[in-house]
Structures are given as C-alpha cells and as structure tokens.
Number of protein chains: 2
Amino acid sequence: MRLNDTGGRQSRITIHDLAAAAGVSISTASKALNDAGRVGEETRERVKRIALEIGFRPNALARGLLSKRSFTIGLLTNDTYGRFTLPVMAGISEALVDHGVSVFLCAIEDDPTLGQIHVDAMLDKQVDGIIASGKRLDRRLPVDLSSLPVPVVYAFTEGTPGSVSFRSDDAQGARLAMEWLIALGRSRIAHITGPESFFSVCERASAYREIAGDSEPVLYGAWAEAWGHEAVGRIWSRAGEKPDGIFCGNDQIARGVVDALRERGVKVPEDVSVVGFDNWEIVAAQTRPPLTTVDMELKELGRQAGLTVLALAEGRPVEPGVRKLPCRLVVRQSCGGACKV
Amino acid sequence: MRLNDTGGRQSRITIHDLAAAAGVSISTASKALNDAGRVGEETRERVKRIALEIGFRPNALARGLLSKRSFTIGLLTNDTYGRFTLPVMAGISEALVDHGVSVFLCAIEDDPTLGQIHVDAMLDKQVDGIIASGKRLDRRLPVDLSSLPVPVVYAFTEGTPGSVSFRSDDAQGARLAMEWLIALGRSRIAHITGPESFFSVCERASAYREIAGDSEPVLYGAWAEAWGHEAVGRIWSRAGEKPDGIFCGNDQIARGVVDALRERGVKVPEDVSVVGFDNWEIVAAQTRPPLTTVDMELKELGRQAGLTVLALAEGRPVEPGVRKLPCRLVVRQSCGGACKV
DNA sequence: CTGAAAGCGCTTACAG
DNA sequence: CTGAAAGCGCTTACAG
C-alpha cells in the first residue's frame, strides 16, 4: 500500500492513492475521472466523490507526457516598460485560464542570446505554442521564431511572412479621432506625432491626411511631453490662423500639448480640442483636463492572440495573415462633447 | 527504429533517437549527457557531440516527473496596473533564468475564485514554488497560500505569519529623501503624501517626523497629481513662512506639487526643492524639472524573492521573517544639487 | 565501462 | 463493467 510517507513536505496524492481509497484499479479511476471508457455509473460517481474528498488532482506533467499537450504557452516580449505587453498579457491570460492553459512570461529585452535561452527553456517545457509580443508593429523580436516545432502567433510586433499576427488598426483609430473632432465642429486640425520612422506614425498620419487634406503639415518629433510643448510653441509662433483641434500621436505628446496650451492661455477644450492616442491611464487621466484618446484595445488583442495559438495548438485551421483590430475612442474632457456620437 | 514519422508537425527528437544515432543504449546516452554514472570519456564526448548535431533537448516534463522538480515557479499578483509587479517580475525572471527556471504569470485582480483557479493550475503543473506579489505591503492576496505543498515567498505584499517576505524599507527611503533635502540646506520641509490608511504612508510619515519634528504637519490625501496641486494651494494660502522643501509620498503627488508651484511662480528647485517616491519613469522623468525621487529597487526585490523560492524549493534552509530592502535616491533636477552626497 | 529493468504518474487500447 | 499491460521520455540503481 502506497502512502504519503516521504517525510518532510508530504508527497502529493496520486491516482494510486485515489484508486486504493476507492477500491478500484488505477485504470478505472482514470476512466471514471475523465468520463472516458466504460465505467459503471455508480463507480464513476464514487471515484469522483472520493477524488474530491482526498483532494486528488492529476499531475499535469504526467498527463502532458502522454497527451503531448502541456496546457502551457509562452509569451515572449521585449517590452520591458510593460506598457503594451501588460494589457496584451492580461487578455491572453484571461482568455486561456478558462481552458486550463498557463502562461510563461519571458521578458527578453533586446538581447538575442537571452531570447534564445528563453525560447529553448519554453520548448524544453513543451509549451503548446508561443505568442511573440513587443512594443512596435514594425520591429521583429531579436530571435528567430520561424521554424519552431510549435505554433507561433504575433501580437503587436512584426511577424514572419506567412504567420498569423494581430495588431491594432491605427488608420481606423486615427479616423475615429479625426471624425470626433470634426463632429465637434473643429475644422483646422493639426497633427503632432512621434518619429516618422515608426510605422504606426505613418499610418496614423496618412489617415489624418486623408481627412485633413494634404495642405496640413504633420509635425513629427519624439514620443515625449516636451515635444508636445515644443510643437505648440512652433505652431503658435508662426503666422496665420491657429488650429482649433489637435490630434496627437500619443498621450504623452497630448499631455505636453495641453499643458503648453494652458500656459499660453489657450483654453482646452473651449478654444482647442485635443485628442491623444493609447489611452494610457496614468497620462490620459491625470492631464488637466483628462484626455479624450484612442484606445488600441490591447487586451482584446491579447485575448484573440491567446485563442488563436490555442486553436493552432489543437490543430484547428487558422488563416495566416495580419489581423487588424479596431480601436475605440475614449471620451474624457479634452475635446468637449460630453457624449460619444 | 523510431523515427520522426507522425506526420504533420514532426515529433520531437527523443533520447531514443539520440541513443540510436550514437550507437549506445538510452541509459548510456542519459548518463553521458548528465555527466552522471560511469561512462567512457570517448563515449561521453561522442554522445554530447551528436546530441548537439541532431538538436536533442531533453523533455522537461519527463525529467520533472522523475525528479519532482519542474523548474517552474508561479508568480501571483493582483497588481493589474503592473506598476509594481513588472519590475519585481523582471527581477525574478532575471535571477531564475540562469537556473533554468521559468515563470508562470497569473494576474488575479482581486477575485478569490480566479486566484484559486490559478493556484490550482500552477500546483497541477507542479510548480516548484510560488511568489505572491501585490501592490500594497499591507494587503493580502485574495487567496490563502498558507498550507500549500510548495514553498511560498511574498514580495511587496503581506505574507502569512511565519512566512518569508520581502519589502522595501520605506522608513530608510524617507530618511534618504529628508537627508538629501537637509544636505541641500533646506530647513522647512513639508510632507505631502497618500492616504493614511496605507502602511507605507505611515512608515514614511513617521520617518519624516523623526527628522522634521512633530510640529510639522503631514498632509494626507489621494495618490494623485490633483492632490499635490491642492496641497500646495493649502500650504501657500495659509499664513506664515512657506516650506523650502517638500517631500512627497509618491511621484504623482510630486508632479502635481511641481506643476502647482510653477503655476504660482515658485521656482523649483531654486525656491523649493521637491522629492518624490517610486521613481516611476513616466512620471518622474517627464516632470519639469524631472524629479529627484526614491527608488524602491523592486527589481532587486524580485531577484531576491526569486532566489529565495529557489532555495526553499531545493530544501535549503531560509530564515522566515520580513526582509526590508534598502531604497536608493535617484537624483534628477527637482532639488538642485547635481551630484549625490 | 555499458545496458536491461524498473519506475515517475498518468492514459489508452486490449482482454476478460 | 473492470483491470492488467504497455507506454509517454527520461533517470537511476543494479547487473554484467
């Protein structure tokens, strides 16, 4: 008779213990628990009841060895800041916990060696799939994921050709912002944004251009409050009519813009409406007035990425390609217009 | 002869394949790889070389089943915001990756049910230990971790009696801030901080009192920029000498304070020196001028917590109790004094 | 020095 | 309806 007898931290309850307690063989115990095979109804009930009583939980390592499924996936990210990865991660975790899947988090900075170590560690642990995530749509992770023995899905980072990847629809997000400004009666809308080298900057800028026209200048700069400040200085010091709306490339820039306007005595939102991008709470909600801004719905993005690796891991077919997820406008006070159209 | 022949995604290379390729038994292959048992030097080398060539990597699930070690730990946190957990997590991951340990991240919000599900999932997966982390030193996670079959370490959250827990030394951090202000010649130092219900608020406040004396008032409020603003308004509108230094309970408050002072025409750091707490980059670095602030060294805290669960998991003895880790002053421009004492 | 055997905890054909 | 046997991929006494 096997018992918890190793001394020290007691050894866990195994299916042997359960079978013994229920007076059946381990194969019957197994089948009863999993609602598999032929087992008498009464026996099945009894085994299940006793399993609960003695607190039996199957060892996932043993199961994984047989089933070739570890119910584990890896999340690889180079976003140390965590600004983008955290919501993505929360979405993944939320979507997968219901399926019994746990997530390994691997922060690899931009170190290829570290990246490889983490990938190897995950593969050794037989992850069912990997989600690669980052902080830029137009940058690859510093590690090659193209020919792994497990499925890979990309979220908020550039994927390899033929892969499945998820990203926000930045053009649609920009349109949301512009349409909101226009609906509020703004007609001279400026665009102050980040570095032109960013793909998302270009995408937002061309959506802006499509609506605002080619004559309007786009001001490219750093992703920083200071740049928002400086840009306002530039616009307000040049001749001609001033904008009555400003669409900013992110919330930090928007905050700089709002602060700079206030310091010049320009009222937000009375004189000028300002929209941000990212809906980064700590910035957007603390700005005076709080920012109306575009939310990229990263949690939803994570959720879909999670469900997709899962599908792939289970061998279900998934169309390769880039999936763009719609953004959502979050209305606070920097534009006026209390309610959404 | 076993081969990769499952069709579809090729099955992984096993020790059988390695043994066959090297012309030895699987036991010899195993011993050669692990530098265990008696194996001829030449054989050992050959097995290792071939393992590398064919890309053999042992299945961690199989190893774990035997060794009772999964080389996996779980990180449980209710800090959705991720402000505290991310650095802690980075430290844990960094410390453990060298030991081949991967980290499951479980964000449980404040939901006890979700917490239990994650804990069960981690135990099923045979984690070697669990690190519980949070956003407040004086709050428990909404799930009982006191009698788990694996070791538990608490980081930046309250532990159960008799457990091992890590936290920042907030009193020492507060002293760092105050001593820095005093060294810069400030003598009338105010303290604007968060809600009195927070343990860390009380600890920082009493360290402040020890240095500033009992006569100085501590202004308690919300953890928000708006409160920093308001507090400055209160202080500057009352009679008597104004402070020449302000020690703030966190960076958000400090930012509100700095903005409010600027708006009143009070110069920072010329007229008043301001110190924050947290060293939250997005706030501290973007303030004008950037904040001198106290860093809780959460990454180091994570590192130590990680190494400690590992020690516990390996059966090495660890003193129970609360370990306070020293904070570090980060000097930027909000105090003057270009270089650290 | 090398290999056959047993076993980690579980599941799944296959007999009875 | 139930159980003995084989096996997932590996390690570790134990023989040879």
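In what follows, chains are A, B, ... by sequence order, proteins preceding strands, each numbered from 1. Quantities reported herein were computed from a predicted structural model and do not represent experimental measurements.
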Peer 1: Taking atom types as modelled, is there a side-chain donor on A:S102 or B:K125 under 3.5 Å from an acceptor on the other?
Peer 2: yes

Peer 1: Just how far, in rounded Å, is P of D:dA4 from CZ of A:R38?
Peer 2: 20 Å

Peer 1: Students often get this wrong, so: under 4.0 angstrom with heavy atoms, is B:T43 touching a base, only sugar-phosphate, or nothing?
Peer 2: sugar-phosphate

Peer 1: For DNA chain C, whose closest nucleotide is more 5', that of A:F56 or that of B:K31?
Peer 2: B:K31

Peer 1: Over how many whole Å does the gap from A:L123 atom CG to D:dG9 atom P extend?
Peer 2: 16 Å

Peer 1: Quickly work out the B:I26 CD1 to D:dC8 P distance and round it to whole Å.
Peer 2: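 It is 10 Å, rounded to the nearest whole Å.
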
Peer 1: Specify the separation, in whole Å, of atom CD1 of B:I54 and atom P of D:dG9.
Peer 2: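 In whole Å, D:dG9 P lies 14 Å from B:I54 CD1.
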
Peer 1: By nearest atom, which of the nucleotides D:dG3, D:dG9, C:dT2 is closest to the B:T28 side chain?
Peer 2: C:dT2

Peer 1: Between D:dA4 and C:dG7, how far is it from one P atom to the other, in whole Å?
Peer 2: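 Nearest-Å result for D:dA4 against C:dG7 at atom P: 16 Å.
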
Peer 1: Round to the nearest Å and state the distance from B:D35 atom CG to D:dT12 atom P.
Peer 2: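 Nearest whole value for this atom pair: 12 Å.
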
Peer 1: Need the pair for D:dC1. Rule: Watson-Crick or G-U wobble, both distances under 3.5 Å, any strand; none if unpaired.
Peer 2: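 Answer to the pairing question: C:dG16, which forms a Watson-Crick or G-U pair with D:dC1.
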
Peer 1: Using atom CD1 of A:I15 as one end and atom P of C:dT12 as the other, report the distance to the nearest whole Å.
Peer 2: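 Interatomic distance, CD1 of A:I15 to P of C:dT12: 11 Å.
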
Peer 1: So, for B:F104 and A:F104, is the gap between ring centers shorter than 6.0 Å?
Peer 2: yes

Peer 1: Reckon B:R63 has a side-chain N or O less than 4.0 Å from the OP1 or OP2 of D:dT11?
Peer 2: yes

Peer 1: Side chains of B:D144 and B:S146: do they bring a donor and an acceptor to under 3.5 Å?
Peer 2: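 Per modelled atom types, B:D144 and B:S146 side chains form a pair under 3.5 Å.
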
Peer 1: Between B:S25 and C:dT2, is there a side-chain N or O to OP1/OP2 distance below 4.0 Å?
Peer 2: no

Peer 1: Using a distance-only test with no angle check, is there a side-chain donor-acceptor pair under 3.5 angstrom linking B:S163 and B:S165?
Peer 2: no

Peer 1: Mapping B:S27 and A:L66 onto DNA chain C by nearest heavy atom, which one lands closer to the 5' end?
Peer 2: B:S27

Peer 1: Mind calculating the distance between CG (A:N34) and P (C:dC10) to the nearest angstrom?
Peer 2: 11 Å

Peer 1: Take atom NE2 of A:H16 and atom C1' of D:dG3, then tell me their distance rounded to the nearest Å.
Peer 2: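 A:H16 atom NE2 is separated from D:dG3 atom C1' by 13 Å.
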
Peer 1: So does A:R316 have more than 12 non-hydrogen atoms from other groups sitting under 6.0 Å from CZ?
Peer 2: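 Counting other residues, nucleotides and ligands, CZ of A:R316 exceeds 12 neighbours.
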
Peer 1: Distance check, P atoms only: C:dC10 and D:dC1, in whole angstrom units.
Peer 2: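 25 Å, rounded to whole Å.
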
